[in-house]
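Remarks on the structure that follows.
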Amino acid sequence: MSLLILDDVKKHFAAQEILRGASLRLDPGDKVGLVGRNGGGKTTILRLIEGLEHPDWGSVTLRKGARLGHVSQRPNFKPGITVRAHVESGLDEVRAVIHELEEVNHGLTEAQGEDLERLMKRHDELSEEIEVLGGWETERRVEVVLSGIGLREELWDREAETLSGGEKSRTALAKELVAGHDLLLLDEPTNHLDLEGIEWIENWIRQQKGAVLVVSHDRRLLNKAVDSIVELERGQLARYPGHYDDYVRLKEERYTSELRAYENQADFIRKEEAFIKVHMGSQRTAEAKGRQKKLSNLVRVERPFNDVRRPVIRPPKAERGGETVLEARDLVAGYEGNVLFGPLDLKIARRERIGIVGPNGAGKTTLLKILAQRLEPLAGTIDYGYRAACGYYDQDTSELHDDATPYLELRRDHPDMTDQQIRDHLARFLFRGDDIDATIKQLSGGERARLCLARLTLTNPSWLAMDEPTNHLDLAARTALEEMLGDFQGALLFVSHDREFMDGLCNQVLEVDDGNLRRFEGNYSAWREVKAAEADARGVRKEQAKVQAKVEAKAAGARAAPPPADTRKSSAGGKVRNPYLFEKLEARIMKLEQELAALQATLVDEDTYRNADKMRDAQMRIAEVERDLAEANHEWENWA
């Protein structure tokens, strides 16, 4: 039985038609990504499913008894409630189900006949329900989710109302994630997460037994976490199987096929109409009338729609300056005595593309603002290169005036531009007609972001500092921005959580973490490989330390054992059988342990972990030595 059915849903807001016959069916366990233009109606669909809006036509049907979860854009918390208590309240339903199951189990011990069958059936239903809700380890789920989405442990016992906006959103998200639902609605769940949190929630979505409908512009999440894509276009929904890349390919193939069918039919109609026109009233009038009748009954194929609109973002003309953009020395940053990082040194050269990464709160935006001269450091100096001019993009779009309009924003900055030049420039960013005279406070987040980019491209910076430039942009606008920045001739320094965006642009990564700054060559994926190798190396070092301790303990035991070989006791309590062979066995064990320690040490060597063949050979030899060592230890323990 389907979990959710949208059937021919239509929805208007004033004279604007948002949905015009949208249909969708979700089954239990489906993982679906919902994509479409900003302002196209994606959030409206979520609100219709939640019951916060009602369709003007058609129906939205959620299976009876299905548990629906959604995260409010503006979460509210009970007065005095802590983060942990709020998140744990998401477990109320699963705790109630477990309590009922315990009562059923108690009843099964005494029930007979029809009562026994009824209780057994209910037992199976409740057990299945608990699995959908997340299983039996409910208490552990709270800590796993809180850690996974990046809420630091020192925040868990704080009053939820005292948190920052991003922390409040993550707390509300955590409550829904621990609860377990038949269907969970997620609207841009990665907006307030750091990179590790985004990767964690990808895995979480994949592993859930319940269905998930996620609105997201994160291409990598849509490639890794969902099994189908639903596109909202012109008020209707179209479903494509597979991940985001599959959707892009299938949509192009579908459009090509439908366009071919449309053109073939149009060509057929033209030929038929020409025949009818020529032969009507001639000796072939009967044939012409027959063709005319068939043509009048022909079901016409509509010309397929392919929305290729996207901003035309031309790169700003980079001011030619020196090879060095800036050089920072002994830089320290923080707020009110709270040092975020430093002292650190940093040098940026022309044409470098640098992505800044790190956990939330580490100081990424602070570093960017200091380098762009939007914030003063606590200590240190920054020397700027010849003719260095920064173009700054603020994710909050706070430089816009709420009572102004897109037209007035450009007129204020560039009074020398003509009226037509301003309108043409705004049109490249999809501001047309009445859009250019709408007040800023009426604009959506995506429209505000496009307007800030429109202003930025009219400057002549030698380098760009951009804080989360893809936030609020739809997929088409993100692609256009990525292409523009690829063509920009100056240096680029940016903070972003869009991994595809970083992979396409970065040639270096700056990691801000725990007060330190590290620089890595390559893009986001190269940085992740290095971090994964370092994590593996830490694990290997721990195992190596254990092995070394065991080797040293055995060596100390051998040195401390005074009795001669022929008087040693076996595990059975008697003298050792064949002391000479026993000594050889002990020597072999020591040799194997030393070889294992040496092999594990090679795994942390850069020449090994960067060479796939060497890494594979080392791992295969480790497996062989571990097997031989296990067999030798077993023989030693059972020597008699």
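Heavy-atom basis, side chains included; hydrogens, waters and symmetry copies ignored. Here the structure is a predicted model, which is why all the values come from computation and not from measurement.
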Can a salt bridge be assigned to the pair [X] and [Y] using a cut-off of 4.0 Å between side-chain N and carboxylate O?
| X | Y | value |
| --- | --- | --- |
| R351 | E323 | no |
| E409 | R448 | no |
| E327 | R329 | yes |
| R519 | E511 | no |

Can you pull the side chain to side chain donor-acceptor pair (under 3.5 Å) pairs that have at least one residue in residues 485-496, sequence neighbours excluded?
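Sorted result for residues 485-496: empty, none.
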
Can you tell me which residue pairs pass the side chain to side chain donor-acceptor pair (under 3.5 Å) test with a partner in residues 370-380, sequence neighbours excluded?
none

Do other residues, nucleotides or ligands put more than 12 heavy atoms under 6.0 Å from the CD atom of E153?
no

Just wondering, more than 12 heavy atoms not from R314 lying within 6.0 Å of its CZ?
no

For [X] against [Y], the heavy-atom pair lying closest together:
| X | Y | value |
| --- | --- | --- |
| L485 | M466 | CD2-SD, 3.8 Å |
| C390 | P461 | C-CB, 4.0 Å |
| P406 | D435 | CG-O, 3.7 Å |
| Q208 | K31 | O-NZ, 2.8 Å |
| A438 | L443 | CB-CD2, 4.2 Å |

Would you say the side chains of [X] and [Y] form a donor-acceptor pair under 3.5 Å?
| X | Y | answer |
| --- | --- | --- |
| D437 | T405 | no |
| R412 | H401 | yes |
| E176 | H70 | no |
| T439 | Q442 | yes |
| T82 | D157 | no |

Just how far is it from atom [atom1] of [X] to atom [atom2] of [Y], taken to the nearest 0.5 Å?
| X | Y | atom1 | atom2 | answer |
| --- | --- | --- | --- | --- |
| L599 | R621 | CG | CZ | 7.0 Å |
| E196 | I149 | CD | CD1 | 13.5 Å |
| W463 | L371 | CH2 | CG | 5.5 Å |
| I436 | Y407 | CD1 | OH | 7.5 Å |
| D245 | L222 | CG | CG | 9.5 Å |
| L426 | L410 | CG | CG | 5.0 Å |

Given 3.5 Å as the limit, does a donor-acceptor pair link the side chain of [X] with the main chain of [Y], or not?
| X | Y | value |
| --- | --- | --- |
| S147 | V144 | no |
| R423 | A427 | no |
| K42 | V35 | no |

Using side chain to side chain contact (heavy atoms under 4.5 Å, CB included) as the criterion, point out the one residue from L510, V512, V495 that pairs with L368.
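When L510, V512, V495 are each tested with L368, the side chain to side chain contact (heavy atoms under 4.5 Å, CB included) holds only for V495.
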
Test salt bridge (Lys or Arg N to Asp or Glu O under 4.0 Å) on D513 and K364; report intermediate values, then the result.
CA-CA 9 Å; D513 191 12; K364 302 185 296 295; over 6 Å; no

Would you say the rings of Y247 and H243 are close, in the sense that their centroids are separated by under 6.0 Å?
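Between H243 and Y247, the centre distance exceeds or equals 6.0 Å.
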
From R220, K224, R528, residue fulfilling salt bridge (charged side-chain N to carboxylate O under 4.0 Å, His left out) relative to E199
R528

Test side-chain contact (heavy atoms from CB on, under 4.5 Å) on E352 and L492 and set out the steps.
CA-CA 6 Å; E352 286 186 332; L492 173 63; over 6 Å; no

Evaluate F494 against Y393 for ring pair (Phe, Tyr, Trp, His ring centres under 6.0 Å), listing each step before the verdict.
CA-CA 9 Å; F494 65 92; Y393 177 91; over 10 Å; no

Should the pair R478 and F501 be classed as cation-pi, given the thresholds of under 6.0 Å to the six-membered ring centre and 45° from the axis?
no

